[in-house]
Amino acid sequence: MSRAWFILWALVVYQVAAWAFAPQKSPQPAPPIDGPGYGSNEAIFVEGRVSKRRAVARALERPYGSRCAGEGRKQFISSVGEYYYHRQNEAERYPETFGKPGADYIARQWSTGEDKRIDRLTQEAYAQGYLQPSDFGAVARKAVETVVRSERVTVRSCAS
């Protein structure tokens, strides 16, 4: 009986050792994507983009006096940051996930007339001193820096 247990134990040890020390297979590169550039749940993201545009447009149309302090400032910066966060995040993620078709698709999605209007209002808010890139987190900051790159601050509306 002990001989049978020894043989069984030896087989188990051999299997574990073979598994543990077997050479790893190299991961296969992802095949090139030749699809539409988006996933099956894209309709949800399209609705989300519409909602983000609506929210940031409302924030950019608020009275200028509410942009400098208190709850009004928090809401203004939060709305602008949320919009640019999602825009920048999708601009980075779609190419990673869907390749060139994804990059082309998402660039078109964030290039509507409404997006151009939001960019122009953001540039104006920057030039008038109502916001600066450092008001935002790292992801949104990248997008805001790109949008305001050619603008210069002409007035310090929120200067203390």
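As a basis for the values below, the full set of heavy atoms in this structure was taken, side chains included, without hydrogen atoms, waters or symmetry mates.
Sorted by first and then second residue, the side chain to side chain donor-acceptor pair (under 3.5 Å) pairs involving residues 132-143 (not counting sequence neighbours) are R73-D135, E92-K142.
Side-chain contact check for R152 versus Y126: every heavy-atom pair is 4.5 Å or farther apart. Proximity of W110 to R53: side-chain heavy atoms (C-beta onward) are separated by under 4.5 Å at one or more points. Under the 4.5 Å side-chain criterion, counting only non-hydrogen atoms from C-beta, E82 is in contact with H86. Within the 4.5 Å cutoff, side-chain heavy atoms of F76 are placed close to those of L60.
Legend: residues meeting side chain to side chain donor-acceptor pair (under 3.5 Å) with Y84, ordered by chain and number and at least two apart, are D119, T122. Partners of Y105 by side chain to side chain donor-acceptor pair (under 3.5 Å), not counting sequence neighbours, listed by chain and number: E42.
The local environment of CZ in F136 is crowded, with over 12 non-hydrogen atoms from other residues, nucleotides or ligands closer than 6.0 Å. Counting heavy atoms of neighbouring residues, nucleotides and ligands inside a 6.0 Å radius, atom CG of L11 exceeds 12 of them.
Note that CZ of R67 and CD1 of I77 are 9.5 Å apart. Values are rounded to the nearest 0.5 Å. The line from CD of E61 to CZ of R58 is 9.5 Å long, rounded to the nearest 0.5 Å. For the atom pair Y83 OH and S78 OG, the distance stands at 15.0 Å (nearest 0.5 Å).
Within the 3.5 Å criterion, the main-chain N or O of Y94 finds no donor-acceptor partner in the side chain of T97. Distance alone, capped at 3.5 Å, places no donor-acceptor pair between the Q75 side chain and the A59 backbone. In terms of modelled atom types and a separation under 3.5 Å, the side chain of T154 and the main chain of A127 share a donor-acceptor contact.
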Discussion item. Does D115 form a side-chain contact (heavy atoms from CB on, under 4.5 Å) with T112? I'd like the steps, not just the answer.
Written reply: CA-CA 5 Å; D115 294 310; T112 67; 2.8 Å; yes
Worksheet item: E71 and K74: salt bridge (charged side-chain N to carboxylate O under 4.0 Å, His left out), yes or no, with the steps?
Response: CA-CA 5 Å; E71 192 61 33; K74 280 176 32 179; 3.7 Å; yes
Worksheet item: Do Q109 and Y38 pass the side-chain contact (heavy atoms from CB on, under 4.5 Å) test, and can you show the C-alpha distance, the side-chain angles, and the key distance before you say yes or no?
Response: CA-CA 11 Å; Q109 293 300 302; Y38 53 85; over 6 Å; no
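Of all heavy-atom pairs spanning A103 and P95, the tightest one is CB-CG, 3.6 Å. Between R117 and A57, the shortest heavy-atom distance links the atoms NH1-CB, 3.9 Å. Counting all heavy atoms, side chain and backbone alike, V148 lies closest to P133 at CG2-CG, 4.1 Å.
Classification of E124 and R120 as a salt-bridged pair holds, one side-chain N sitting under 4.0 Å from a carboxylate O.
Remark: of the listed residues R49, K52, R108, R49 is the sole one forming a salt bridge (Lys or Arg N to Asp or Glu O under 4.0 Å) with E90.
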